[in-house]
Amino acid sequence: MSADPTQVLAFETDCHIFDGCGFPAPGLHSFLFEPLWGDGDSNLYFNKTMLLALLGSVIVVGFFWAAFRKPKVVPGKLQMVAEAGYDFIRRGVVYETIGKKEGEKYVPLIVSLFFFVWMMNLWSIIPLAQFPVTAIISYPLVLALIVYILWISLTFKRHGFVGFFKNVTGYDKSLGAVLPLAMTIEFFSNLLVRPFTHAVRLFANMFAGHTLLLLFTIASWYLLNGIGIAYAGVSFIMTIVMTAFELFIQALQAYVFVLLTCTYIQGALAEHH
């Protein structure tokens, strides 16, 4: 409690409307966690988001291992679900974007990325966890850098240095006088903006979604006092609606992330004249 009993701190759990305390609005502090192990000042620590990322990886790997460790011609329920998910990404994303011949070798990577990102997003609505790992910029940034490095290496391998230069600058001599300007824009767009936007698109959506969920959840509790109970009911309904909407967004953002990944790979493999 604060020193002055008439002033209640906004983040206290017994804070309600008409109690003389402010609304405990979510903010950047909602995305910071104390280390579970180690010292945050020394940059050697283990916190909640790291734990969720580790558990998420184990869940994804464990799910597919359990589904395919003893595959059957007539699949059971678990194998059927795993096959449906795998086949959806393989045919609906990889084959449609890269093509069957070129894309087959990248299917394991794209499937892994999709289910990993999806699981990291899903933590937002899972009790006790209730936080999307991808709302911390470092996680989508690392994933985007993996894709970025793959794109760079594939472009060099397929086209050589000259071909790589044409690829990243969008070289097209038919542009005439505007060619230098177009090449400069394409160069910075591909080498600097692309990995940034790839990461931020996922991060921003998860950050905003989690903030909205927190807002309505906290409001439901804060309004539970006197006449505010009526408004608390409305806020609680909005919490349910936002949770359902967030379920859709979580899957959609995982899909968009791998779709862009496939687009980058396809661009690296495509012939440029």
Side-chain angles (χ1 to χ4, degrees), residues 1-36 38-41 43 45-53 55-56 117-144 196-197 199-254 256-257:
M1 294 292 290
S2 57
D4 185 351
T6 64
Q7 295 181 350
V8 182
L9 295 178
F11 56 80
E12 291 188 355
T13 57
D14 60 349
C15 176
H16 294 286
I17 193 171
F18 309 129
D19 283 345
C21 60
F23 176 67
L28 290 179
H29 61 276
S30 305
F31 296 82
L32 301 176
F33 299 95
E34 292 293 328
L36 300 174
D39 182 8
D41 295 331
N43 293 323
Y45 62 93
F46 190 80
N47 64 11
K48 179 179 178 178
T49 57
M50 297 175 184
L51 176 61
L52 292 179
L55 287 177
V117 172
W118 192 17
M119 186 67 239
M120 296 303 100
N121 295 345
L122 277 173
W123 282 124
S124 174
I125 60 169
I126 295 177
L128 299 181
Q130 296 175 306
F131 186 84
V133 175
T134 44
I136 302 297
I137 185 62
S138 56
Y139 293 94
L141 184 60
V142 168
L143 294 175
F196 176 76
T197 55
V200 169
R201 183 179 284 105
L202 174 60
F203 157 73
N205 278 279
M206 291 301 101
F207 185 94
H210 184 62
T211 302
L212 284 173
L213 276 178
L214 279 178
L215 181 65
F216 287 111
T217 302
I218 295 172
S220 299
W221 175 255
Y222 178 72
L223 293 170
L224 280 175
N225 191 16
I227 194 174
I229 292 177
Y231 302 107
V234 175
S235 182
F236 181 70
I237 292 174
M238 283 302 302
T239 302
I240 297 174
V241 171
M242 286 303 304
T243 299
F245 183 67
E246 193 67 7
L247 268 171
F248 168 73
I249 295 298
Q250 288 162 357
L252 178 63
Q253 287 305 312
V256 169
F257 190 88

Handout entry: Minimum side-chain heavy-atom gap Phe18-Ile227 below 4.5 Å
Key = yes
Practice task
Provide the closest heavy-atom pair for Ala135 versus Phe203 in the form atom of the first, atom of the second, distance.
Solution key: O-CE1, 3.0 Å
Handout entry: Side chain proximity check, Thr134 to Asn205, heavy atoms < 4.5 angstrom
Key = no
Exercise for the section: To the nearest 0.5 angstrom, please state how far the CG atom of Leu247 sits from the CG atom of Leu252. Expected result: 12.5 Å
Problem - Beyond-backbone contact of Leu223 with Val234, side-chain heavy atoms, under 4.5 angstrom - result: no
Handout entry: Atom OH of Tyr231: over 12 foreign heavy atoms under 6.0 Å
Key = no
Practice task
Verify side-chain contact (heavy atoms from CB on, under 4.5 Å) between Val241 and Phe216, making sure each step is shown before the conclusion.
Solution key: CA-CA 10 Å; Val241 171; Phe216 287 111; over 6 Å; no
Problem - Side chain to side chain, Tyr139 and Thr49, heavy atoms closer than 4.5 Å - result: yes
Fill in the blank from the handout: CG (Leu141) and CG (Leu202) are apart, to the nearest 0.5 Å, by 11.0 Å
Problem - Flag, side chain of Lys48 to backbone of Ala129, donor-acceptor distance under 3.5 Å - result: yes
Handout entry: Val133 side chain reached by Met50 side chain, heavy atoms, under 4.5 Å
Key = no
Practice task
Could you check if a side-chain atom of Gln250 sits within less than 4.5 angstrom of a side-chain atom of Glu246, using non-hydrogen atoms only?
Solution key: yes
Handout entry: Considering all heavy atoms, the nearest Phe236-Ser220 contact
Key = N-OG, 3.1 Å
Fill in the blank from the handout: Value for OG1 (Thr217) from CD1 (Ile240), rounded to nearest 0.5 Å, stands at 10.0 Å
Exercise for the section: Give me the ring orientation class for Phe31 and Phe131: parallel if the planes are under 30° apart, tilted from 30 to 60°, perpendicular past 60°. Expected result: perpendicular
Problem - Least distance between heavy atoms, Trp123 atom then Leu52 atom - result: NE1-O, 3.0 Å
Problem - Criterion side-chain contact (heavy atoms from CB on, under 4.5 Å) on Ile125 and Leu213, from CA distance to verdict - result: CA-CA 9 Å; Ile125 60 169; Leu213 276 178; 4.3 Å; yes
Exercise for the section: Kindly check if the number of other-residue, nucleotide or ligand heavy atoms within 6.0 Å of CZ (Phe46) is above 12? Expected result: yes
Exercise for the section: Enter the distance from His210:NE2 to Leu215:CG here, rounded to the nearest 0.5 Å. Expected result: 11.5 Å
Practice task
Check Met206 against Pro132 and note the closest heavy-atom contact, atom names and distance.
Solution key: O-CG, 4.0 Å
Fill in the blank from the handout: Minimal heavy-atom distance between Tyr222 and Pro24, with the atoms involved, is CD1-CD, 3.7 Å
Handout entry: Side-chain heavy atoms of Phe207 within contact of Leu28, under 4.5 Å
Key = yes
Problem - Contact check, side chains of Thr211 and Ser30, non-hydrogen atoms, under 4.5 Å - result: no
